[in-house]
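One structure is given here, and the rest of the page talks about it.
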Protein chains: 2
Amino acid sequence: MKILIIEDEKALAESMATYLSAEQYFCEFAETFDDAMYKAETFHYDCILLDLMLPGGDGMKILEALKADNKEDGVIIISAKGALEDKIRGLQIGADDYLSKPFHLPELAARIHSLIRRKSFGNNNLFRQNELTIDLLAKTVTVNDAKVVLTKKEYELLLYFISNKNRVVSKTALAEHLSGDVAGILDNYDFLYAHIKNLKKKLTEAGADNYLKTIYGTGYKWQS
Amino acid sequence: MKILIIEDEKALAESMATYLSAEQYFCEFAETFDDAMYKAETFHYDCILLDLMLPGGDGMKILEALKADNKEDGVIIISAKGALEDKIRGLQIGADDYLSKPFHLPELAARIHSLIRRKSFGNNNLFRQNELTIDLLAKTVTVNDAKVVLTKKEYELLLYFISNKNRVVSKTALAEHLSGDVAGILDNYDFLYAHIKNLKKKLTEAGADNYLKTIYGTGYKWQS
DNA sequence: CTTCAATGATGAGGATCTTCATGATGCTAA
DNA sequence: TTAGCATCATGAAGATCCTCATCATTGAAG
């Protein structure tokens, strides 16, 4: 996975690279507007980290150029804190995410990871399996073109399943993922059972096959 | 902040150190039971990452020795996945947290950060301010020795405030902290207002002063 | 095959969270 | 000082989530 770090603060760029390298990403740098524009237009990256404040020009122009070229590199905009207008404009032009300075490196890594996972589902952020369609961007689910309204937890479950399709996922992992309660010893999965039941019900009642198999004593498995 | 990494898989230990160094921690290593026992008993660390599977002995004995010496180093147990018995036993003996292999480095960092923050509140995990007491470990809140029952969101808010006491915290930060919804553009703080109102109400009705001041146009500030 | 215990499914109820409509309060400019 | 606007507070209603009691299913032992 290749990442382009467009950032003129050298110290920041280096610490980002150190951190991301530990996560098995390969990093390249661009410190000026012209260099960034050249690299972004010439090569392909799985993710471009774009600082808007650059010597030599407005970083937003790089994003515009990428979109004009129909390049599909993931772009995360990085900017001074509180610049809500940049955020809105960047996302409108087609950036995939936005991060305000100062930020914590783990959060950056989490967003890159999330972005790349999203991209891996396909060009237009769609996951399809027969009559079932999930729009990762709009966060909507349809069965035979009819929309299925899921709650937040149900949607998170579904996404977790399809991003681990054909693999068994443990109840522990599911419960911790849902609750966010990473520290505690979870000895009760009732809430998990409830959400899974509701998710299954909504999908099958909408006309979808039951792709979610129970693996007795272990967890669940989404079959595609 | 000093961290002792007790781990015999050298590659893993190195990537942990690389990652944690980027977060401004200083890391030391121990690869064997004897070395680990010596360093843990001799020096002080803000956090000890303890792999239970060590050449030369059972890692749990190191934890026991630390507790017998009344050492207050934070300890996070790291062990093969699914070993729930280890988890329970380790936490009973006095470990502060538990992480199953394999894990993601950002999660490790998050737990270390959380642990150190907890420790910084005091030896016995208590935060006191006049008639108000918060037990970080039991996650309970009392006013004049009467227990106040808070919901999860209310408790998270309170903790966020006191860990930023005497500083103004923005509504954006609060809302993102509460919702976990880091990506979206939050333009609605109604849920935040609701939780803050309920938190304030519970505390004042229990007899506590109102330490939470509204900073018009910006956010809130907890005064101590 | 039958029994039994462990695991998972289900519906209902209560707790919690979010949204909405409305009212109160603080800022700013005339 | 007051009018007007933006911001914040509040109570209530609705949506979502979690818990509980009960029932169904699975796998293993006899």
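As the structure is a prediction and not an experimental result, all values here were calculated from the model. To find a chain, count down the sequence lines: A is the first, B the second, and so on, and within it residues start at 1. Both backbone and side-chain heavy atoms feed into the values below; hydrogens, waters and symmetry mates do not.
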Just the rounded figure in Å: distance from [atom2] of [N] to [atom1] of [X].
X: A/Lys200; N: C/dG11; atom1: NZ; atom2: P; answer: 13 Å
X: B/Asp190; N: C/dA21; atom1: CG; atom2: C1'; answer: 10 Å
X: B/Asn198; N: C/dT18; atom1: CG; atom2: P; answer: 11 Å
X: A/Asn188; N: C/dT7; atom1: CG; atom2: P; answer: 13 Å
X: B/Leu192; N: C/dT19; atom1: CG; atom2: P; answer: 12 Å
X: B/Lys152; N: C/dA15; atom1: NZ; atom2: C1'; answer: 14 Å
X: A/Tyr193; N: C/dT10; atom1: OH; atom2: P; answer: 12 Å

Original post:
Starting at the 5' end of DNA chain C, which residue's closest nucleotide do you reach first, A/Lys197 or B/Ala194?
Top reply: A/Lys197
Original post:
Is the side chain of A/Lys202 donor-acceptor paired with the backbone N or O of A/Val149 at a distance under 3.5 Å, no angle test?
Top reply: yes
**OP:** Would you mind telling me which residue lines up with the more 5' stretch of DNA chain D, B/Lys201 or B/Lys171, judged by nearest nucleotide?
**Re:** B/Lys171
Original post:
Want to settle it: does A/Tyr216 or A/Glu154 sit nearer the 5' end of DNA chain D, counting the closest nucleotide to each?
Top reply: A/Glu154
**OP:** Extract, from 5' to 3' on DNA chain D, the first and final nucleotides lying under 4.0 angstrom from some heavy atom of chain A.
**Re:** D/dT16 to D/dG27
Original post:
For A/Lys153, which contact category applies under a 4.0 Å heavy-atom criterion: base, sugar-phosphate, or nothing?
Top reply: sugar-phosphate
**OP:** Quick one: label B/Ile215 by what it contacts on the DNA or RNA (base, sugar-phosphate, nothing), any heavy atom closer than 4.0 Å.
**Re:** sugar-phosphate
Subject >> The single option from B/Thr133, B/Ile162, B/Leu159 passing side-chain contact (heavy atoms from CB on, under 4.5 Å) against B/Phe127 >> reply: B/Ile162
**OP:** Can you spot which of B/Lys153, B/Lys200, B/Glu156 makes a side-chain contact (heavy atoms from CB on, under 4.5 Å) with B/His195?
**Re:** B/Lys153
**OP:** For residues A/Gln223 and A/Asn166, report the shortest heavy-atom separation together with the two atoms involved.
**Re:** CA-OD1, 3.5 Å
**OP:** Please report the closest heavy-atom contact between A/Asn144 and A/Gly207, naming both atoms and the distance.
**Re:** ND2-O, 4.2 Å
Subject >> Side-chain N or O of B/Thr151 closer than 4.0 Å to phosphate OP1/OP2 of C/dA15 >> reply: no
Original post:
Judged by modelled atom types alone, do A/Asp46 and A/Tyr25 share a side-chain donor-acceptor pair under 3.5 Å?
Top reply: no
Original post:
ring pair (Phe, Tyr, Trp, His ring centres under 6.0 Å) with A/Tyr160: which residues, sequence neighbours excluded?
Top reply: A/His177
